[in-house]
Undergrad: 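After the structure tokens below, expect a handful of questions from me.
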Amino acid sequence: MATFTFSLCFLLSFTFLFVLVHPSSSSSSPYLYPSTFTKNYDKMLASFKIFIYPTTQRITFFTPSASNFYDSLLNSAFITQEPEEAHLFFVVFSPEISTRSQARLVRELRTKYPYWNRTLGADHFFISPEGIDFSSDRNALELKKNSVQISVFPTVSGKFIPHKDISLPPVSKSSLVLSHAPVNMDRSFLGYLKWDGKTEVELVEELRLDSEFVVETESLDQLGRVKSSKFCLFFYEAESTADLTEAMAAGCVPVVIVDRPVQDFPLMDVLRWSEMAFLIGNRRGAQGLKAVLGGVPEDRYERMRGLCVAAAHHMVWNAEPQPYDAFHMVIYQLWMRRHTIRYTRREEF
């Protein structure tokens, strides 16, 4: 069966160069809430219902991850034709829609249906691959502030509201096979980086000069390099982060190189990314990067590697959704948002 593999998301914060979030050594689960995850997932499968507002438009999402989610949702058992039994409402519009058209659409929903006004859109969601911005129009502002936005990863800063919005990992462009790594795999390199030939040239050139790092611009033996490296390095941008899932499945612990806080990683409500990945700023250069990674205790590294391998299957998009795959994990995050706050209408909107 054809599969699409995703890059991962991590809800981490850090100051200046990097912050290491201390792990809980007693936990071997990749889940934030391991004691309730399976039970809640089963409840979702049994009860969660989504109503899609009718549209005469033919909607096409050109971003692979958004397209995969949209197509899978339309053909899923979560869809109901009875709005009164729905937990959430899906507002469908073209990714090329203007802010004015967004406002007009919300205004139509407000007058034609009773559901938007009950929560001012807080029990609604929409797909916007690039994310939508703030607007002075009341209707567009309610959509932005109250409804759940599903966008691609990474989302432009300012177009994503943490803890409300959900991001989709990008579809991998590599030919890596998603498979679990052998327990005792020999790791010849400290770090591996597949480089696009453009990003952070100075840091990359420094890494090239260090024999403990391997940098490739062409994926001639990417799977072999990944499996023989302790850490896989990714710059925080779409082209670089596309292969995060494959790295994790191969037991290569992800290191995201970024100099600012990031809060739009996918599956942040489900997985303990703080114990499976590092965020490191690039300001210290290759030597600073090497010092951090080389200083990770072996027992901690093995724990992180094991968690990565265990979590990787949740990031896979299947041609036909399978239990616990990426589609179901995104749906699970929506299900966790079904208990909405009953917003009070305010005249200043």
Side-chain angles (χ1 to χ4, degrees), residues 40-61 63 65-97 101-129 131-132 137-152 161 163-168 266-267 269-270 317 320-321 323 325-345 349:
N40 286 338
Y41 178 89
D42 290 341
K43 287 182 179 178
M44 174 199 74
L45 291 180
S47 63
F48 191 35
K49 295 299 179 182
I50 296 169
F51 177 77
I52 303 179
Y53 284 110
T55 178
T56 57
Q57 282 186 297
R58 179 179 176 83
I59 305 298
T60 300
F61 292 98
T63 306
S65 55
S67 179
N68 291 344
F69 176 76
Y70 180 64
D71 292 343
S72 296
L73 178 60
L74 293 184
N75 295 300
S76 74
F78 299 109
I79 301 302
T80 179
Q81 303 301 318
E82 301 296 331
E84 294 301 332
E85 70 177 19
H87 298 92
L88 292 182
F89 297 81
F90 181 21
V91 183
V92 186
F93 52 79
S94 167
E96 300 174 343
I97 192 173
S101 296
Q102 291 171 5
R104 183 167 58 249
L105 174 59
V106 172
R107 189 160 52 246
E108 291 174 356
L109 296 181
R110 184 192 302 281
T111 57
K112 188 175 181 180
Y113 300 91
Y115 314 112
W116 182 276
N117 290 328
R118 295 187 307 193
T119 64
L120 298 187
D123 55 358
H124 289 56
F125 71 95
F126 62 94
I127 300 174
S128 177
I132 64 174
D137 184 281
R138 167 194 172 179
N139 296 286
L141 184 60
E142 286 182 4
L143 182 70
K144 170 67 177 180
K145 292 180 64 176
N146 298 348
S147 301
V148 178
Q149 172 183 283
I150 298 179
S151 55
V152 300
I161 301 178
H163 313 299
K164 176 181 76 69
D165 296 339
I166 295 171
S167 65
L168 300 170
L267 302 195
D269 303 322
V270 181
W317 284 83
E320 295 181 10
D325 67 0
F327 170 72
H328 284 95
M329 290 299 97
V330 175
I331 291 292
Y332 181 75
Q333 289 185 104
L334 284 172
W335 184 77
M336 293 173 70
R337 288 159 171 76
R338 73 197 184 283
H339 296 307
T340 59
I341 298 173
R342 298 293 169 173
Y343 284 70
T344 301
R345 186 186 301 275
F349 267 93

Undergrad: What's the shortest heavy-atom distance between P95 and P129, and which atoms?
TA: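 Nearest pair, atom of P95 first, then P129: CB-CD, 3.9 Å.
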Undergrad: Quick check: do Y113 and P83 have side-chain heavy atoms less than 4.5 Å from each other?
TA: no
Undergrad: Could you walk me through whether F327 and L73 satisfy the side chain to side chain contact (heavy atoms under 4.5 Å, CB included) test, starting with their C-alpha distance in whole Å, then the side-chain angles of each, then the deciding distance to 0.1 Å, before giving a yes or no?
TA: CA-CA 8 Å; F327 170 72; L73 178 60; 4.1 Å; yes
Undergrad: Could you state the interatomic distance from CE (M336) to CZ (F48), rounded to the nearest 0.5 Å?
TA: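 Between atom CE of M336 and atom CZ of F48 there are 11.5 Å.
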Undergrad: Checking the side chain of D71 only, and the main-chain atoms of L74 only, is there a donor and an acceptor separated by less than 3.5 Å?
TA: no
Undergrad: Output the distance between atom CG (L120) and atom CZ (R110), rounded to the nearest 0.5 Å.
TA: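 Rounded to the nearest 0.5 Å, the CG-CZ separation comes out at 6.5 Å.
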Undergrad: For the backbone of L88 and the side chain of K49, can you confirm whether one donor and one acceptor N or O come within less than 3.5 Å of each other?
TA: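 No.
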Undergrad: If you define the side chain from C-beta out and look only at heavy atoms, does anything of D123 sit under 4.5 Å from W116?
TA: no
Undergrad: Can you tell if the side chain of L45 reaches within under 4.5 Å of the side chain of H328, non-hydrogen atoms only?
TA: yes
Undergrad: Might you point out which heavy atoms bring S167 and V152 nearest each other, and give the distance in Å?
TA: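 Smallest heavy-atom distance, with atoms named: CB-O, 4.1 Å.
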Undergrad: Check for a donor-acceptor pair, side chain of K164 on one end and backbone N or O of N146 on the other, with a separation under 3.5 Å.
TA: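 No.
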Undergrad: Looking at F69, F93, F126, Y70, which hits ring pair (Phe, Tyr, Trp, His ring centres under 6.0 Å) with F61?
TA: Y70
Undergrad: Is a donor on one side and an acceptor on the other found under 3.5 Å between the side chain of Q149 and the backbone of I132?
TA: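 At least one qualifying donor-acceptor pair exists.
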Undergrad: Can a donor-acceptor pair be found, under 3.5 Å and without considering hydrogens, that links the side chain of S147 to the backbone of G121?
TA: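 Yes; at least one donor-acceptor contact below 3.5 Å.
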Undergrad: To check you understand the geometry: which heavy-atom pair defines the closest contact between Q57 and S94, and what is its length?
TA: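 Of all heavy-atom pairs spanning Q57 and S94, the closest is OE1-N, 4.4 Å.
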Undergrad: Can you establish whether the number of heavy atoms outside E96 located under 6.0 Å from its atom CD is more than 12?
TA: no
Undergrad: Quick one: CZ on R104 to CG on D137, what's the gap to the nearest 0.5 Å?
TA: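 These two atoms lie 10.5 Å from each other.
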Undergrad: Could you check whether any side-chain N or O of R337 sits under 3.5 Å from a backbone N or O of Q333, counting only pairs where one atom can act as donor and the other as acceptor?
TA: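 The answer is yes, because a donor-acceptor pair under 3.5 Å joins these two groups.
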Undergrad: For the atom pair CZ (R107) and CG (L143), what is the distance rounded to the nearest 0.5 Å?
TA: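 CG of L143 is found 12.5 Å from CZ of R107.
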Undergrad: Set out, in order, the CA-CA distance, both residues' side-chain angles and the distance that settles side chain to side chain contact (heavy atoms under 4.5 Å, CB included) for F78 and M44, then state yes or no.
TA: CA-CA 9 Å; F78 299 109; M44 174 199 74; 4.2 Å; yes
Undergrad: By the definition side-chain contact (heavy atoms from CB on, under 4.5 Å), identify the one residue from W335, F89, F125 that meets it with I50.
TA: F125
Undergrad: Nearest 0.5 Å please: distance from the OG atom of S128 over to the CD1 atom of I150.
TA: 10.5 Å
Undergrad: Rounded to the nearest 0.5 Å, what separation is found between the CD1 atom of I127 and the CG atom of L168?
TA: 7.0 Å
Undergrad: Using a 4.5 Å cut-off on heavy atoms from C-beta on, say whether the side chain of Y41 contacts that of M329.
TA: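 Counting from C-beta outward, M329 and Y41 do come under 4.5 Å.
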Undergrad: Can you give me the closest heavy-atom contact between Q81 and I79, atom names plus distance?
TA: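 The pair with the smallest heavy-atom distance is NE2-CG2, 4.1 Å.
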Undergrad: Quick one: are Y332 and N40 in side-chain contact, heavy atoms under 4.5 Å?
TA: yes
